[in-house]
Amino acid sequence: MPSATTSRKHRGQATQNIVATWFSAQGWPYAESAGASRPGVDVTGMPGLACEVKARRGFSPLAWIRQAASG
């Protein structure tokens with residue numbers, strides 16, 4: 001049985017893939033998921049945007065903005 005950490009990583013990776021696919025269909029043809037273990041933005045190929053994907057149950061936009069501003 002997978003651990004909670006493994007499940008979170010799989011959920012995060014799946015969400016990043018969904019977001020990258022959406023951006024690709026919306027005019028960012030080079031958008032792609034950066035992968036779960038890579039530091040920095042979560043979706044690459046979008047010059048001028050730094051996409052941070054969150055696959056969480058809770059909703060903490062202020063904390064996410066702080067994280068994006070510090071990275």
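Because the structure is a prediction, the values reported are computed rather than measured.
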Practice item. Quick one: closest heavy-atom pair of Gln16 and Val43, and the distance? Key: O-CG2, 4.2 Å
Review point. What's the shortest heavy-atom distance between Ser24 and Ala31, and which atoms?
Key: N-CB, 4.0 Å
Review point. Are any of the side-chain heavy atoms of Glu52 and Lys54 separated by less than 4.5 Å?
Key: yes
Point to revise | Gln13: side chain to side chain donor-acceptor pair (under 3.5 Å) partners, not counting sequence neighbours | key: Asn17, Ser33
Check your understanding: Of the non-hydrogen atoms in Gly27 and Pro29, which two are nearest, and what is the gap between them?
Key -> O-CD, 3.1 Å
Exercise for review: Please collect all ring-ring contact (aromatic ring centres under 6.0 Å, His included) contacts where either partner lies in residues 43-67, sequence neighbours excluded, each pair once.
Suggested key: Phe59-Trp64
Review point. Between Gly12 and Ala55, what is the shortest heavy-atom contact and its length?
Key: CA-CB, 4.1 Å
Check your understanding: Heavy atoms, side chains only, cut-off 4.5 Å: are Cys51 and Trp28 in contact?
Key -> no
Exercise for review: Would you indicate whether the side-chain heavy atoms of Ser3 and Thr6 approach each other to under 4.5 Å?
Suggested key: yes
**Study point:** Hphob cluster co-occupancy, Ile18 + Phe23, side-chain heavy atoms under 4.5 angstrom
**Key:** no
Check your understanding: Do you reckon Val53 sits in the same ILVMFWY cluster as Val41, going by side-chain contacts under 4.5 Å, direct or chained?
Key -> no
